[in-house]
Amino acid sequence: MSIGHTLLGLLESGPRHGYDLKRAFDEKFGHDRPLHYGQVYSTMSRLLKNGLVVVDGVETGGGPERKRYAITDDGITDVQRWLGTPEKPEPYLQSTLYTKVVLALLTRRDATEVLDTQRSEHLRSMRILTDRKRKGDLADQLICDHALFHLEADLRWLELTAARLDKLREAVAR
Amino acid sequence: MNVRQWAADLMLGVRFAFTGGREGWTRAVLTAVGVGLGVALLLLTTALPNALTVRHDREAARSDVTFSGEEVPKANDTLVIAKVDSNFREDSVRGRALEPEGPRAPLPPGVDKFPAKGEMVVSPALKELLESDSGALLRERLSDRIVGTISESGLIGSAELAFYQGAEGLAPHIQSGTIERIDRFGDPEPTSEQSDPVLLLLILVVFVVLLMPVAIFIATAVRFGGEQRDRRLAALRLVGSDSSMTRRIAAGEALAGAVLGLVFGAGFFMVGRQFAGTTEVFHISVFPSYLNPSPLLALLVAVAVPAAAVLVTLFALRGVVIEPLGVVRAGRPRRRRLWWRLLLPLAGLAMLFPMVGNGRENGDFNQYLVTGGVVLLLFGVTALLPWIVETVVGRLGSGGVSWQLAVRRLQLSSGTAASMVNGIAVAVAGAIAMQMLFSGVDAYYTRSTGQDVSRAQMEVTLPEGTSVETSAQKFRDTEGVRAVYAISEGYLGDSAKDAEWNTQLTVGDCATLRELANLPSCRDGDVFAVHGSQWDPSLDDGKMAEPGRKLYMDPSDVGEPKSLEIPWTVPQDLKAAKPRPGLVDEDMDQGGFLMTPKAMPDAFAPALDGRAYLKLDQSTPDVQDHVRNTAADIGPLVDTMTWAETERADRYDAIRTGLFVGATCVLALIGASLLVSQLEQLRERKKLLSALVAFGTRRRTLSLSVLWQTAIPIMLGLLLASAVGLTLGTVLLKMSNTPVVVDWTGVLSMTGIGAAVVLVVTLCSLPPLVRLMRPEGLRTE
Amino acid sequence: MTPPAGSLLSAEQLRKAYGPTLALDGAEFSIHPGEVVAVMGPSGSGKSTLLHCLAGIVTPDSGTITYNGHELSAMSDAQRSALRRSEFGFVFQFGQLVPELTCVENVALPLRLNGTPRKAAERTALSWMERLEVGDLRKKRPGEVSGGQGQRVAVARSLVTSPRVLFADEPTGALDSLNGERVMELLTEAARSTNAAVVLVTHEARVAAYSDREIVVRDGKSRDMERAV
């Protein structure tokens, strides 16, 4: 995820302090991992340098100085460009699981065991996600669904591989 | 749209009919059997008028003793013929004694050589009877040597019993109506065929009643194409055939059944024709060769039936939309209206009503009105039944689960349920009406005499010149005869010529006379006058029973040759007697003078005719035929007559059996198609049934619900059928002027057969149902 | 081998053949009250057969099934039918609602099979339908409602007798994921609230995710993943 673009986007609705930006980010997108302050400031200084934001004002009070950032026209264009550019789908071509299965076969270990253990683990994650989805709001549901569908895809691969283990064993042995 | 395209579509359908798997050809064969029955009936209908004409012509061609009173002088081309008819058991035997008077004497039709005295030619049926054990008694009477058989041209039916025997010395006995001299056979003035209107009515009704359910069956069979056909038609649409092409292909499937049905029908007809040669209905039997349908009509049947099948299918498919993804039956139509449905049977009644009371005296019934009326009335069943089923089922309340399942299903598809039982309802309605008509008309033919036949059951007329005493003795010696009341009768007039009053004189012994009247006392030599007789009041009215009054035995009539005119004076010691109910008929109480043998002047003897009443032991087998044999032994012209309360009861049984068989066949056919549809429906619900069983539904509950599902509509159908059948029967009986009697056993047995068919169908669908309910049905793979 | 302690329904060494096909080959199973167990596996692996055996619809060729301390194979067909009527509930993929009956009559059916009078049965049925958010369909026939609604009606029917074990065979198989998830949510919620055990046959991981644990059936053999780990 591009934190820079996300923060830029958040600024579009109006100038904000760095602290506000972190809060807004955490609220909307940071379900699993909240941003560190450091991350916010380093990102903002990069954006400043590139002319995508400007410092709208500085509050000096009792505590540390607080800058207020505002987005520039270049910034808006950049957000627009980011949204318009499709994400490159993950290639998923290098899979640890596949490596594990082949290795198990090569070393004459039980590959089914590998698959089943993985499958069980996947399902446990899915259970947790399902449970969270059940209790959460729409945002939760969409985020969990995203994860669930990916896990499900993995699971289907596990099933398929389990069904083709014999063929794979032959292929590996050659 | 060209002809070739049509033909191609139809042919494709024909192919599908036979390649559509087991259901496909089961359906085709069932349709074919139905069409076949219909075709056979139609062919028979077209052949029947011809058969009746042939019968009539043959009868006319052999007529001989004509009562014409015309004197034919003896010549070398004349023949003296005597009527020597007889009876054997319940059948009458046509008999003629022949005495050719010259080389050119006419031969009767079907006979190629005159039998000599002591010889006879007989009909094949009589020959068979005489040669069988059961004909032994008849053989005693007809002991002449059989020298040949009468060929078909001399007979009016395959079952007719007839013989020609050789005779000598008949000429002196020539008497109009019994023994005549003729120079040719055949009615000199042939009448046009005059068949019994009631018989024609019967035939007409029989055919309408048998054809209707078959027609309805065919229409139904065509409409219920089954899921498989639906899928096939939908698939055809999917690959691009348009709606009307698809319809034509469906019609082609029906055409296959119909064409196969034509073949079946021709077969059925040939079999039926042969069978017709061996049966007898109402004393009428026919030769197979009589049953030749006119070629034009047969051709019409051959073209019309397949065409009708195609049209019916196209018509039936109007309410069906065949889409590429499936077949949609027209949604549940508006609530059924009653008025036009009632209009049909009422219109039918209205057509029949003007003919009520016609009877057999007022000429033929209007065939179109009869057919139209019967068809409309029976069609009323098919029109009313859906309404009744819908209305009743809609009101059926709660009950057990099986009941609820069945009722709900019926509510959703009452039309389907009704049309499934339509055929059965119409068949039963028709059968009930037919049975009523048959039993009524049969009763008319035999007519209960209301006679008291406990005192005497047979009457023998002894021709002149036969000794009454000797004959009486012979009858007394006959097996099974309990008592013989022998009398001699003659007529007394109040003047020798042109008598104003005539009365009967009966001579018999005291025991016999006591059977005829209540006598105060009786000694041989007494003469009695019976006063107060209702049947013969001549004595009271003519004031002839006055002692000393002069009367004449055998007075002459005006214009007739002089008779014996023997004078007799009423004796002084005339005794009075009271009448008692007649020996063989209550109403025929004896009137006139009764005379004991000693009181009879010898001169009376030639003026008296002999007669004997016989009291029989009815438990003796074939007692009547023993008596007939004795009579034949006494003389060939001794005539016997059997008195009975009713006759031919067994003949009615035969018709009832026939009707039963016919109705059962039609019902069985309908039942078979019902079963096919039922199984198809069950198979469509396989998954549901398995699911229901899975969650613990008892198999009994499901079986019961299947039973209810058929039982409810059939119950309603049978009730309606009974009502319509009884109405139709009543109207038909009134039309034939026959007292209306409801044959409840008949009604019950017909409805019973209908109910039994449903029960059998349900029972037959139970094993597959149980199989479908197995959990395997849950497997999705 | 004795059934695991505290289990409501358990099976040992089940074998069942359909003709030459061996559908079950030594499968094991056990479930506790209030537990949701997913039975997973590729199609044709024998998972449906396992469910049918557990529910007493099909008798296994060998092996034992114990329900609540009673040996299932020792019962007569009538007894097992009665058990299914009163103690078990069923949801299938499709083809289970009687098309002629209204929805409420369909839901009331198991109660009526148990002898509950019609009025009372339909009252209970309606309350279950409301719980599954299909109360307003009561007068409709199954043909007039959508697949998701029909499946909820079917779930209501499976729960109406307050069964102790609910058998669900691909209950969402014919539904899209949104409808399927809603049905699964309602089903598991209702089951948990009545402490019913749920045997959930499915090949979809996302449906199986509603379970507490899963059993994998492969070539007629079962594998209890929790115990294996």
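These values consider heavy atoms only, across backbone and side chains, with no hydrogens, waters or symmetry-generated copies. Residue numbers start from 1 in every chain, and the chains themselves are labelled A, B, ... in the order their sequence lines are given, proteins ahead of strands. Please read all numbers here as calculations on a predicted model, not as lab measurements.
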For the atom pair [atom1] ([X]) and [atom2] ([Y]), what is the distance rounded to the nearest 0.5 Å?
X	Y	atom1	atom2	value
C:R223	A:S120	CZ	OG	8.5 Å
A:E159	C:M40	CD	CE	5.5 Å
A:L155	C:H203	CG	NE2	12.5 Å

Worksheet entry | Proximal component of A:D131, with respect to chain C [non-hydrogen, under 4.5 Å] |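 Neither part.
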Worksheet item: Taking NZ, NE, NH1 and NH2 as the nitrogens, is one of them in C:E185 or A:K133 under 4.0 Å from a carboxylate oxygen of the other?
Response: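 A:K133 and C:E185: not salt-bridged.
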Discussion item. Between C:E204 and A:R156, does any side-chain N to carboxylate O distance fall below 4.0 Å?
Written reply: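 Answer for the salt bridge query: no.
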Is it the case that over 12 heavy atoms from other parts of the model lie below 6.0 angstrom from the [atom1] atom of [X]?
X	atom1	result
A:R164	CZ	no
A:D73	CG	no
C:E144	CD	yes

Item to complete: Assess the side chains of A:R134 and C:T188: does a donor N or O sit below 3.5 Å from an acceptor N or O?
Response: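 Yes - a donor-acceptor pair under 3.5 Å links their side chains.
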Discussion item. Please find the pair of heavy atoms, one from A:R127 and one from C:A209, that lie closest to each other, and give the distance.
Written reply: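 Taking A:R127 first and C:A209 second, the nearest heavy atoms are CG-O, 3.1 Å.
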Discussion item. Which heavy atom of A:L123 sits nearest to which heavy atom of C:A205, and what is that distance?
Written reply: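 Between these two residues, the closest heavy atoms are CD1-O, 3.9 Å.
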Discussion item. Measuring only between side-chain heavy atoms, which start at C-beta, is A:R119 closer than 4.5 Å to C:V216?
Written reply: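 Counting from C-beta outward, A:R119 and C:V216 do come under 4.5 Å.
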Fill in: Flag side-chain contact, heavy atom, 4.5 Å: A:F149 against C:R206
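Result yes, sub-4.5 Å side-chain heavy-atom pair found.
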